[in-house]
Amino acid sequence: MARPNEDGPDLEGCTRNHCHARKRDGSGKACHLPAGWATDHATDDDGPGVGQCKLHGGRVRNARIAARTAKARIAAERFGGQLDIDPATALLQEVQRSAATVAYLQLRVQELEEDQIVWGVVEETVGADREVKRKATPNAWIVLYQQERRHLAQVSKAALDAGATATIVDVFRQVGTTYVTLVGRVVEQVIVGLELSAEDAARAATITQAAFQTELDNLTSGGAAA
């Protein structure tokens with residue numbers, strides 16, 4: 001049961017699945033019709049309805065936009081969550097998704113008639129006094145196509161940058177590992193020259209090589225001090 005709202009209608013008996021708009025009968029009570037009743041944001045296969053019902057402005061443009069936003073947020077909460085994935089793989093997958101979206105939008109743009117490219121509906125009011133407004137403006141498909149192309153360029157650059165960085169680090173690690181091995185051999189010769197006992201010699205070699213490996217790891221992971 002929702003709490004009564006001092007600044008709005010009495011929500012006694014309401015749940016999140018109700019309209020919640022104030023009734024017009026002067027009672028101050030909230031509407032108990034299903035959220036989005038008789039609108040395009042009513043309960044459907046994608047989930048429960050959201051927003052105001054048909055009787056309380058649920059079909060006006062602003063209410064429909066707010067309802068679509070609410071439905072998107074609910075879907076994101078339902079299907080979202082954490083996924084264990086490394087950044088490079090995530091970028092590659094985003095490039096692939098964006099490329100597929102660009103290809104689809106390109107097909108839709110190619111289907112447009114010449115007079116649809118810069119002229120079309122910009123606002124439509126549903127109701128008894130239905131009103132349709134048109135003006136010269138880029139078609140919505142073209143706008144989406146341009147936006148997705150920019151997004152594809154951005155994620156592609158990010159993926160290339162990440163790949164280049166990963167390659168540089170990998171090469172540096174290979175060179176560093178070779179250097180650590182070389183230093184280890186030099187240290188062994190120094191130990192022999194110092195005529196240390198077998199136990200001290202083995203211990204010195206282990207400590208020296210471990211120290212160099214730690215420094216290498218710090219450098220390749222960005223953990224070294226500037």
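Hydrogens, waters and symmetry mates play no part in the numbers below; they use all other heavy atoms, side chains included.
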- Does Trp37 sit in a hydrophobic cluster with other residues, and if so which ones, taking ILVMFWY side chains as linked at heavy-atom separations under 4.5 Å, directly or through other members?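 Traced through the cluster, Trp37 reaches Leu33, Leu55.
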How would you list, by chain and number, every residue that makes a side chain to side chain donor-acceptor pair (under 3.5 Å) with [X], sequence neighbours excluded?
X: Glu94; answer: Arg97, His151
X: Asn17; answer: none
X: Lys54; answer: none
X: Glu111; answer: Arg108

Rounded at 0.5 Å granularity, tell me how far [atom1] in [X] sits from [atom2] in [Y].
X: His41; Y: Arg64; atom1: NE2; atom2: CZ; value: 7.5 Å
X: Arg22; Y: Cys31; atom1: CZ; atom2: SG; value: 13.0 Å
X: Tyr145; Y: Thr101; atom1: OH; atom2: OG1; value: 12.5 Å

Any residue meeting side-chain contact (heavy atoms from CB on, under 4.5 Å) with [X], in chain and number order, not counting sequence neighbours:
X: Ala70; value: Val50, Arg73
X: Leu152; value: Val95, Ser98, Ala99, Val102, Val155, Ser156
X: Leu144; value: Leu105, Trp141, Gln147
X: Glu199; value: Ser197

- Item | Hydrophobic cluster identity match, Leu112 and Tyr104, side-chain contacts under 4.5 Å |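 Yes, it is one cluster - the side chains of Leu112 and Tyr104 are joined through contacts under 4.5 Å.
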- Of all residues at least two apart in sequence or in a different chain, which pass the salt bridge (Lys or Arg N to Asp or Glu O under 4.0 Å) check with Arg150? none
- Query: Looking only at heavy atoms, what is the nearest atom pair of Lys23 and Ala30, with distance?
  - Reply: CE-O, 3.6 Å
- Message: When you measure from the side chain of Arg59 to the backbone of Ala38, do you find a donor-acceptor pair of N or O atoms at a distance under 3.5 Å?
- Response: yes
